[in-house]
Structure formats: C-alpha cells, structure tokens
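Here is the structure we will look at, set down as structure tokens.
Positions are given from 1 along the sequence.
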Amino acid sequence: MLEKEALEYLVSLGEAHLEEVNGQNYSDKLLHLVKQAIAKPVQVQNLSAIVTYVKSDFDGTLNSEIGRLLIHIVDPTCVEVRGYLNSDAERDFYLRAQAYLPEFAFNHFYDVESFIIKLQSCFLPSSDRQEEQNDRSALLSFVGNIEEKDVKNSADDGVSQKIEVKRSVVNVELEKVPNPVILKPFRTFTEVEQPSSPFIFRLQNGPLSGLFEADGGAWRREAMANIKKYLNEGLDEYIQAGRVVIIA
C-alpha cells in the first residue's frame with residue numbers, strides 16, 4: 001500500500017497533461033492559479049486624506065496615459081480608493097477612509113446621566129439659523145428635569161388600611177418636548193454636513209431615556225451625497241479629466 005502511494009506521488013510530480021473532451025479542457029493534475037499581486041489599503045480616518053493622496057499621485061497611478069482611480073463611497077462612514085481590474089478580475093486597493101465617530105446606541109435606553117452626556121457629546125448643538133430645526137436643547141432641558149417618584153394610593157376603613165405603591169417617571173418642571181425630535185448626531189465624516197433626522201424619544205422607569213430612528217434610513221443617502229459633493233469639489237480637475245470616477 002505504501003509503495004502504491006509513493007508511486008502515485010512520484011507521478012503527480014510530473015508535467016500536467018491536458019485533454020479536450022466535448023469542447024472542455026481536462027487536466028490529469030490539480031492546478032493552482034498564481035495570482036497577480038495587488039496593493040493593500042492604507043487606513044485613514046478622514047476625507048481630506050483621500051484628496052491629498054489623489055492630488056499627490058504618490059503611487060504614480062495617474063501618471064500613465066490610461067491611469068484612473070475609482071473612489072467608492074461604501075456607506076456614510078467608509079470610502080475606498082481602488083484601481084483597474086487586473087487579469088484576475090481583482091483591483092488594487094490603495095486607500096480606505098473610515099470615519100472615527102463618537103458612539104451612541106440608538107434603539108437603546110440610557111440612564112439620565114449617561115443620556116445627557118451622550119446627547120452633548122454625540123449630537124451637534126442647536127443651530128442659530130431659524131430654518132434649521134434642532135431639538136437638542138429642548139431635549140436636554142426636559143431630561144434634566146425628570147425623576148422617578150413613588151405614587152401612593154391609600155384606603156382606610158377604620159379597621160384595616162391598604163396602601164398601593166406604584167413607581168412613576170415625572171417631569172419636575174412639567175416641560176413639554178416635541179416628539180418626534182429633530183436631531184443632528186455625528187454619523188458621517190466631520191468634514192461634511194451632518195444630516196438631521198427625526199427620532200422618537202421614549203422614557204422608561206429608572207428613569208431611562210432612549211432615541212429611536214424614525215426616517216427609514218433616509219439620512220444615509222443624504223450623508224453619502226454630502227461626501228460625494230465634498231470629493232467632487234476637492235478633485236474637480238481630475239474628475240473633469242476623466243482620471244477619477246466617484247460612485248456611491
């Protein structure tokens with residue numbers, strides 16, 4: 001048995017033989033494709049790095065007559081710079097910009113202190129422009145005045161006494177907050193305008209506060225359009241010359 005395996009191994013070391021059967025090519029040995037080497041991306045955190053990279057032509061990509069770059073806006077937080085398809089149908093991958101953003105968990109409840117901190121650090125403040133609605137200040141004022149109290153209902157018939165205790169979340173100043181609220185969280189690259197969108201504000205006993213997205217993801221399209229506008233302005237001459245193509 002060992003001799004048979006040894007002979008099969010020695011045979012496998014020989015040259016591969018190809019044979020055509022019914023218009024298809026067959027080999028008597030397993031073949032492995034030797035792929036062309038492709039570039040691996042440099043990781044950056046802002047859009048300005050993409051503009052700088054393209055304008056510098058650091059890797060000589062645009063130096064040839066057919067040199068072109070493809071900029072792919074993957075989503076509101078990721079943009080990639082790639083090259084041509086090679087013979088293996090793969091592209092050089094030169095740059096990936098990944099936005100560095102503060103974290104806020106939508107569709108999740110925070111305690112009051114954490115919610116106030118997150119609201120101030122992860123959302124843009126109210127704008128001075130009257131045409132732009134931003135309810136962050138109203139929401140901060142409302143949340144800062146809520147507390148949880150015991151609500152007691154008693155019944156006394158002179159012989160026995162019953163006391164019912166419930167917990168309730170109340171607003172001390174009886175302020176009113178709009179619902180849904182219009183807010184501008186940091187959700188895309190800081191070089192571009194942050195889209196504003198509606199959120200449902202909810203309270204739970206604790207007290208706990210939460211924001212729930214209510215625009216069906218429309219903000220994503222706006223953010224990606226803002227990214228494309230920024231890149232179009234920064235790389236206009238290259239786009240006009242057909243050296244850079246931007247897709248989203």
Dump the intermediate steps for side-chain contact (heavy atoms from CB on, under 4.5 Å) on I247 and I73, then the final yes or no. CA-CA 6 Å; I247 61 173; I73 303 172; over 6 Å; no

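- Using modelled atom types, one side-chain atom of D111 and one backbone atom of E113 make a donor-acceptor pair closer than 3.5 Å.
- D88 has its side chain out of reach of I38: every pair of non-hydrogen atoms, C-beta onward, lies at least 4.5 Å apart.
- Ring centroid separation for the pair Y110 and H108 comes in under the 6.0 Å cut-off.
- A side-chain donor-acceptor contact under 3.5 Å links D57 to the backbone of L62.
- A donor-acceptor pair under 3.5 Å links the side-chain atoms of N179 to the main chain of F201, judged by distance alone.
- In terms of heavy-atom proximity, L203 sits nearest to S209 at CD2-OG, 3.3 Å.
- With D135 contributing its side chain and A138 its backbone, the two residues share no donor-acceptor pair below 3.5 Å.
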Audit row: L124, R136, side-chain contact (heavy atoms from CB on, under 4.5 Å) steps and yes/no: CA-CA 8 Å; L124 283 168; R136 193 187 78 154; over 6 Å; no

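- Distance alone, capped at 3.5 Å, places no donor-acceptor pair between the D92 side chain and the Y84 backbone.
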Under the criterion side-chain hydrogen bond (donor to acceptor under 3.5 Å, both in side chains), I'd like the reasoning laid out for D59 against T61: C-alpha separation, chi angles, the key distance, then a yes or no. CA-CA 5 Å; D59 293 312; T61 311; 5.0 Å; no

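- The local environment of OH in Y100 is sparse, with at most 12 non-hydrogen atoms from other residues, nucleotides or ligands closer than 6.0 Å.
- R91 places a side-chain heavy atom less than 4.5 Å from the side chain of L70.
- In this structure, S121 contributes its side chain and I117 its backbone to a donor-acceptor pair below 3.5 Å.
- Here F189 and Y230 keep their ring centres 6.0 angstrom or further from each other.
- With hydrogens and angles ignored, the 3.5 Å screen pairs a side-chain donor or acceptor of Q194 with a backbone N or O of T188.
- Listed for the R68 side chain is a donor-acceptor partner under 3.5 Å among the backbone atoms of G242.
- A side-chain donor-acceptor contact under 3.5 Å links D215 to the backbone of W219.
- K184 and E193 are joined by a salt bridge, as a carboxylate oxygen and a charged side-chain nitrogen come within less than 4.0 angstrom of each other.
- Criterion: ILVMFWY side-chain heavy atoms under 4.5 Å apart, direct or through other members. Under it, F93 and V81 are not part of a common hydrophobic cluster.
- Enclosure of atom CD in Q36 by more than 12 non-hydrogen atoms of other residues, nucleotides or ligands within 6.0 angstrom is indicated.
- A distance-only check finds no donor-acceptor pair linking the side chain of R96 to the backbone of V44 [under 3.5 Å].
- For F123 and F104, the distance between ring centers is under 6.0 angstrom.
- Counting heavy atoms from C-beta outward, L211 and I200 have side chains that stay 4.5 Å or more apart.
- Counting heavy atoms from C-beta outward, I227 and L47 have side chains that approach closer than 4.5 Å.
- For F109 and F115, the gap between ring centers reaches or exceeds 6.0 Å.
- Among R220, E222, R187, the single residue meeting the side-chain hydrogen bond (donor to acceptor under 3.5 Å, both in side chains) criterion with S197 is R187.
- By the neighbour-count criterion of 12 heavy atoms within 6.0 Å, atom CZ of F106 is densely surrounded, having more than that number from other residues, nucleotides or ligands.
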